[in-house]
Chemist: 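One structure, pasted below without further comment.
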2 protein chains.
Amino acid sequence: MIFNNPSSTIFYAIEEAIKAYRKLSAKEIKKVISDITVDQALILQIISENQITQTEIADLIFKDYASMTRIISLMIKKEYVIKTVNQQDKRAAVLKITKKGEISLKKLTPIINKNRQISTNGISQTELEQLKTILNTITQNCKIN
Amino acid sequence: MIFNNPSSTIFYAIEEAIKAYRKLSAKEIKKVISDITVDQALILQIISENQITQTEIADLIFKDYASMTRIISLMIKKEYVIKTVNQQDKRAAVLKITKKGEISLKKLTPIINKNRQISTNGISQTELEQLKTILNTITQNCKIN
DNA sequence: CTAGTATATTTGATATATCAAATATATTTA
DNA sequence: TAAATATATTTGATATATCAAATATACTAG
């Protein structure tokens, strides 16, 4: 029926893997911090490590700018992040992690790393590289058109 | 910084590929039918080929049951699908594609197939199989935990 | 047969995705 | 320098994701 040929199947396999991974991540993150999402945890990590604008974060993790605005504003509401205006370029936001954000991140980072390790368990570095190469080909094929 | 090791990188590559693919699909689908989404097109195809319940569709394409309810109800509103009650099991929905749905599907199917071909262009069957195997490992790893 | 349990779907609440249009500020060009 | 263009972000509208709780119906054990 639907999963009839390899080039179709692959997209189901991708969807299945990414959703399983997100589910695992969400579950594990919730164990240590109950009010933060997987995306927010990742973004918190990015902000803490870099002086970076919303647009740059969005490009980095493949999010829409509109989504980024909303995610950041939820993070501000929950007091993980503070946002100010860049005085050199008043269009740009300056994002800073709060004390609460820092404390949370200390608990989150090992969880995020562990999730990645668990999910790639039994897969060699070579296989991961292969996987990445093929996925990049798909990405390029899609972007050309 | 963030993309520092292979086991991390891989999830970005997956996200990037699936988003690029969805974007291509949405763009191409829109060219022939302007008011249908990628998910809806896929679900239309599934319904037309099978006598299948919402729950079964959800399991097949890795969607939440709640999402399925909402997607189906949008498809009903747009008159692609009709929904009745299964008289043998009144909990279950019976989904049928409408005439409009059928006509639309005739235009959509070649597009869906072409999108898959374009995006896997230059990737061998062997590589696709490898990719699938590795992704399935990730899925299993995530589900065990 | 009845209570308890299982299954299919729905609803509510919140988060994210995506497109288009709007704002605000910066930069470039005529 | 004024107008056109570019960049960063926001807002509105709609679709989908996800969890928890609620409904409705079916099934099973006592």
Side-chain angles (χ1 to χ4, degrees), chain A residues 15-16 18-27 29-31 33-44 51-78 80-81 83-95, chain B residues 15-16 18-27 29-31 33-44 51-78 80-81 83-95:
Chain A
E15 285 277 355
E16 190 178 19
I18 198 73
K19 284 189 179 175
Y21 174 65
R22 284 203 202 115
K23 206 156 207 166
L24 169 67
S25 299
K27 198 187 72 186
I29 285 175
K30 195 164 199 173
K31 284 182 188 169
I33 312 272
S34 65
D35 75 339
I36 204 165
T37 68
V38 176
D39 288 323
Q40 288 172 16
L42 176 60
I43 291 168
L44 198 58
Q51 158 69 54
I52 191 171
T53 67
Q54 285 184 200
T55 306
E56 288 166 342
I57 299 174
D59 290 338
L60 192 61
I61 61 176
F62 321 113
K63 300 258 176 210
D64 192 86
Y65 304 138
S67 292
M68 197 49 54
T69 295
R70 281 152 185 147
I71 295 171
I72 294 291
S73 91
L74 287 171
M75 293 177 78
I76 293 168
K77 192 190 293 177
K78 287 186 282 191
Y80 286 113
V81 163
K83 180 175 180 169
T84 53
V85 171
N86 181 335
Q87 291 304 322
Q88 272 64 58
D89 181 345
K90 291 183 179 171
R91 292 168 304 182
V94 175
L95 301 169
Chain B
E15 286 276 355
E16 190 178 19
I18 199 75
K19 285 190 179 174
Y21 174 65
R22 283 203 203 116
K23 207 156 206 165
L24 170 67
S25 299
K27 198 187 72 184
I29 285 175
K30 194 163 200 173
K31 285 182 189 169
I33 311 273
S34 65
D35 75 338
I36 204 165
T37 69
V38 177
D39 288 323
Q40 289 172 16
L42 176 61
I43 292 168
L44 198 59
Q51 159 68 56
I52 191 170
T53 67
Q54 286 185 199
T55 307
E56 288 165 341
I57 299 174
D59 290 337
L60 192 61
I61 60 174
F62 320 113
K63 300 255 175 211
D64 192 84
Y65 303 139
S67 291
M68 198 47 55
T69 295
R70 281 154 186 148
I71 295 172
I72 294 292
S73 91
L74 287 172
M75 293 176 78
I76 293 168
K77 191 190 293 177
K78 288 186 281 190
Y80 286 114
V81 162
K83 180 174 178 171
T84 53
V85 171
N86 182 335
Q87 290 304 321
Q88 273 64 58
D89 181 345
K90 291 184 178 170
R91 291 167 304 183
V94 175
L95 301 169

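Sequence lines set the chain letters: A, B, ... in the order given, protein chains first and strands last, and positions in each chain run from 1.
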Chemist: Mind listing the residues from residues 83-93 of chain B sitting with a heavy atom below 4.0 Å of DNA chain D? Number order is fine.
Modeler: B/Q88, B/D89, B/K90, B/R91
Chemist: Could you pull out every donor-acceptor pair under 3.5 Å between side chains of residues 34-44 of chain A and any protein atom, sequence neighbours left out?
Modeler:
{"from": "A/D35", "atom 1": "OD1", "to": "A/Y80", "atom 2": "OH", "distance (Å)": "2.4"}
{"from": "A/T37", "atom 1": "OG1", "to": "A/Q40", "atom 2": "N", "distance (Å)": "3.1"}
{"from": "A/D39", "atom 1": "OD1", "to": "A/K63", "atom 2": "NZ", "distance (Å)": "3.0"}
{"from": "A/D39", "atom 1": "OD2", "to": "A/K63", "atom 2": "NZ", "distance (Å)": "3.0"}
{"from": "A/Q40", "atom 1": "OE1", "to": "A/K78", "atom 2": "NZ", "distance (Å)": "2.8"}

Chemist: Please tell me which of A/D39 and B/V94 maps to the more 5' nucleotide of DNA chain C, matching each residue to the nucleotide holding its nearest heavy atom.
Modeler: B/V94
Chemist: Which is it for A/Q51 and A/V94 under the side-chain contact (heavy atoms from CB on, under 4.5 Å) test, yes or no, and what are the steps along the way?
Modeler: CA-CA 8 Å; A/Q51 158 69 54; A/V94 175; 4.0 Å; yes
Chemist: Where does the chain B footprint on DNA chain C start and end, counting 5' to 3' with a 4.0 Å heavy-atom cut-off?
Modeler: C/dA6 to C/dC19
Chemist: Looking only at heavy atoms, what is the nearest atom pair of A/A58 and A/M68, with distance?
Modeler: CA-CE, 3.8 Å
Chemist: Quick check on DNA chain D: between A/K19 and A/T55, whose nearest nucleotide comes earlier from the 5' end?
Modeler: A/T55
Chemist: Could you tell me which residues satisfy side chain to side chain donor-acceptor pair (under 3.5 Å) with A/R91, sequence neighbours excluded, listed by chain and number?
Modeler: A/D89
Chemist: Give B/R22 one of three labels, base, sugar-phosphate or nothing, depending on what nucleic acid heavy atoms sit under 4.0 Å from its own.
Modeler: nothing
Chemist: Who are the salt bridge (charged side-chain N to carboxylate O under 4.0 Å, His left out) partners of A/D59, not counting sequence neighbours?
Modeler: none
Chemist: Of all residues at least two apart in sequence or in a different chain, which pass the ring pair (Phe, Tyr, Trp, His ring centres under 6.0 Å) check with B/Y21?
Modeler: A/F11
Chemist: Is the number of heavy atoms from other residues, nucleotides or ligands within 6.0 Å of NZ (A/K19) greater than 12?
Modeler: yes
Chemist: Do A/T53 and A/N86 come close enough that some side-chain heavy atom pair is under 4.5 Å?
Modeler: no
Chemist: Taking any heavy-atom pair under 4.0 Å as a contact, classify A/T53: base, sugar-phosphate, or nothing.
Modeler: sugar-phosphate
Chemist: Report the residue (B/K78 or A/K30) whose heavy-atom-nearest nucleotide on DNA chain D is the more 5′ of the two.
Modeler: B/K78
Chemist: If you find the nucleotide of DNA chain C closest to A/M68 and the one closest to B/D64, which residue's nucleotide is nearer the 5' end?
Modeler: B/D64
